[in-house]
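Here the structure comes first, spelled out in structure tokens, and everything after it is commentary.
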Amino acid sequence: MCESGRILKLVWKPALVVLPVLLWAYPAAGQDVAVGSATATVVTTISVTASSPLAFGDVMQGVPASIANNNASAAIFEITGQAGSGADLYLQLPEYLALSDGSDRMTITFGSTDASVDTTGAADPAAMNAGKGWQNTNPYNLPAAAVIGAAGTDVYLGGKVIPSPSQKAGNYSGDIILTVAYNGS
Amino acid sequence: MMGIAYAVLVLSSLSGYAVSAQTVTSTNDLAFGNIFPGVPKAIVKSSVGDAAEFTVTGTTGAEVTLDFTLPAYMYTTGANMPLFFSSSDCAVDSTNPQDQSNPSANNLNPNGTITYRIGSNGMSVWLGGRVVPGLVQKSGSYTATIRLTVAYTGF
């Protein structure tokens, strides 16, 4: 064997030893996987029901009539949802009541103290007091801090109708809309 | 003789590159807590105990890739809820100690591959996200799987 052949043999023998070491000592292609989770609890859907209308009963031509928010004839809205959660409350109030055939209408007004928010869920306007939530508050700007009570929350609403001296006789009505939504608090 | 000397050098060099296997562990879930129907909620990656957290170990100084498999929805029986991850919802820290409120790499995109080096104390990976419940989202407990794959790049 020539000199160069001996050199090659010397090179290849250590190479056979080195190769397995290379494969063992370089596990860089490995990977690991971790599995985590995202979790959330969606609370009870908020709902509102108009359980009692604002009922003025009989009114006389030319004689305004008022219903206080603690009167048994006050409007009652009942709200249910996740107890302790904050809710935004927004009333859309009519400017007049109308006959069903649209032939006449009667002015209705709401004062700045015509609403109460009862967080006890009692649905009883006559039993409302300041310790139960917000009494005599502005129906156009209901409390931003309103929360849903353990038994629900109610909104009581009074108002005033002003019939004209020539108000046409008949049954007048108008829509009062309360919109409620969680505010995330 | 030149060949022998060369082979021995290679052996020595390879011994110096022996690396320990990397591991990744989920140490905290992405916890949204209570969700109100119609009210989106976000968890930021710096929120301790709420953001998802993964812990990576391996050879100090080794470069790794981080690849999330992210869910588009959270699920409960009979309903789902959209879940979003923005291009800045991830943070990584391989300093010692690691600081979730001031990580060494912040505002990373979890929707693509993230490349970073493991520190002497390993590496922590944090992930935030956002859920968007519907107005009449069904109540209940929702879950989703977040998968993180970690691999050495060889550098």
Side-chain angles (χ1 to χ4, degrees), chain A residues 1 3-48 79-90 146-148 153 179-185, chain B residues 1-4 6-8 10-11 14-15 17-19 21-39 41 52-56 62 71 74 76 79 81 83 127 129 131 133 135-154:
Chain A
M1 188 173 291
E3 186 63 19
S4 60
R6 281 199 297 273
I7 292 173
L8 274 175
K9 284 180 71 176
L10 288 171
V11 170
W12 278 104
K13 283 180 180 175
L16 292 172
V17 175
V18 169
L19 186 57
V21 175
L22 176 113
L23 294 174
W24 169 82
Y26 206 71
Q31 66 178 31
D32 193 22
V33 178
V35 177
S37 296
T39 63
T41 302
V42 175
V43 302
T44 308
T45 303
I46 196 169
S47 69
V48 59
I79 304 162
T80 61
Q82 180 71 18
S85 300
D88 289 337
L89 315 177
Y90 175 67
V147 296
I148 299 174
T153 287
T179 302
V180 301
Y182 285 121
N183 56 26
S185 64
Chain B
M1 287 306 292
M2 287 291 290
I4 294 172
Y6 175 75
V8 170
V10 169
L11 178 59
L14 289 171
S15 297
Y17 266 84
V19 293
Q22 81 282 36
T23 66
V24 58
T25 307
S26 170
T27 48
N28 198 72
D29 288 338
L30 176 55
F32 287 95
N34 282 349
I35 300 292
F36 299 99
V39 183
K41 185 174 184 179
E53 182 178 44
F54 295 86
T55 302
V56 180
M74 301 182 74
T76 191
M81 179 167 59
L83 174 59
L127 179 71
V131 289
L135 286 171
V136 290
Q137 188 73 45
K138 182 181 178 182
S139 62
S141 296
Y142 288 68
T143 60
T145 297
I146 297 171
R147 189 182 303 270
L148 176 59
T149 301
V150 179
Y152 283 124
T153 65

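Quick note on labels: first sequence line is chain A, next is B, and so on, each numbered from 1.
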State, to 0.1 Å, how close [X] and [Y] come at their nearest heavy-atom pair, and which atoms those are.
X	Y	value
Met81(B)	Ala40(A)	CE-CB, 4.1 Å
Gly36(A)	Phe54(B)	N-CE2, 4.0 Å
Gln22(B)	Gln31(A)	NE2-CA, 3.1 Å

At what distance, to the nearest 0.5 angstrom, does CZ of Phe36(B) lie from OG1 of Thr45(A)?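 If I round to the nearest 0.5 Å, the distance is 12.0 Å.
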If I take atom OG from residue Ser37(A) and atom CG from residue Leu30(B), how far apart are they, to the nearest 0.5 angstrom?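 It is 9.5 Å, given to the nearest 0.5 Å.
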Non-hydrogen side-chain atoms of Pro37(B) and Ile46(A) separated by less than 4.5 Å: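 They are not in contact (no side-chain heavy atoms under 4.5 Å apart), so the answer is no.
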With heavy-atom distances below 4.5 Å as the criterion, would you say the side chains of Thr41(A) and Ser141(B) are in contact?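 Sidechains of Ser141(B) and Thr41(A): in contact.
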Chain A contact via [X] - side chain, backbone, both or neither, heavy atoms under 4.5 Å:
X	value
Thr25(B)	backbone
Lys138(B)	backbone
Leu135(B)	backbone
Ala31(B)	both

Among Val24(B), Thr27(B), Val39(B), single out the residue with the greatest number of heavy-atom pairs under 4.5 Å to chain A.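 Winner by heavy-atom pair count: Val24(B).
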Heavy-atom pairs under 4.5 Å with chain A, option from Val56(B), Leu127(B), Ile146(B), Thr149(B) with the top count: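 Ranked by heavy-atom pairs under 4.5 Å with chain A, first place is Ile146(B).
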For Asn28(B), check side-chain contact (heavy atoms from CB on, under 4.5 Å) against everything at least two apart and list the hits.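 Asn28(B) satisfies side-chain contact (heavy atoms from CB on, under 4.5 Å) with Glu53(B) only.
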Can I get a per-line list of side-chain donor-acceptor pairs under 3.5 Å for residues 80-88 of chain A, giving both atom names and the distance, sequence neighbours left out?
from: Thr80(A); atom 1: OG1; to: Ser47(A); atom 2: OG; distance (Å): 2.6
from: Ser85(A); atom 1: OG; to: Gln82(A); atom 2: O; distance (Å): 3.1
from: Asp88(A); atom 1: OD1; to: Asn183(A); atom 2: ND2; distance (Å): 3.1

If only atom types and distance count, is the side chain of Asp32(A) paired as donor or acceptor with the main-chain N or O of Val150(B) below 3.5 Å?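 Not confirmed, Asp32(A) side chain does not pair with Val150(B) backbone.
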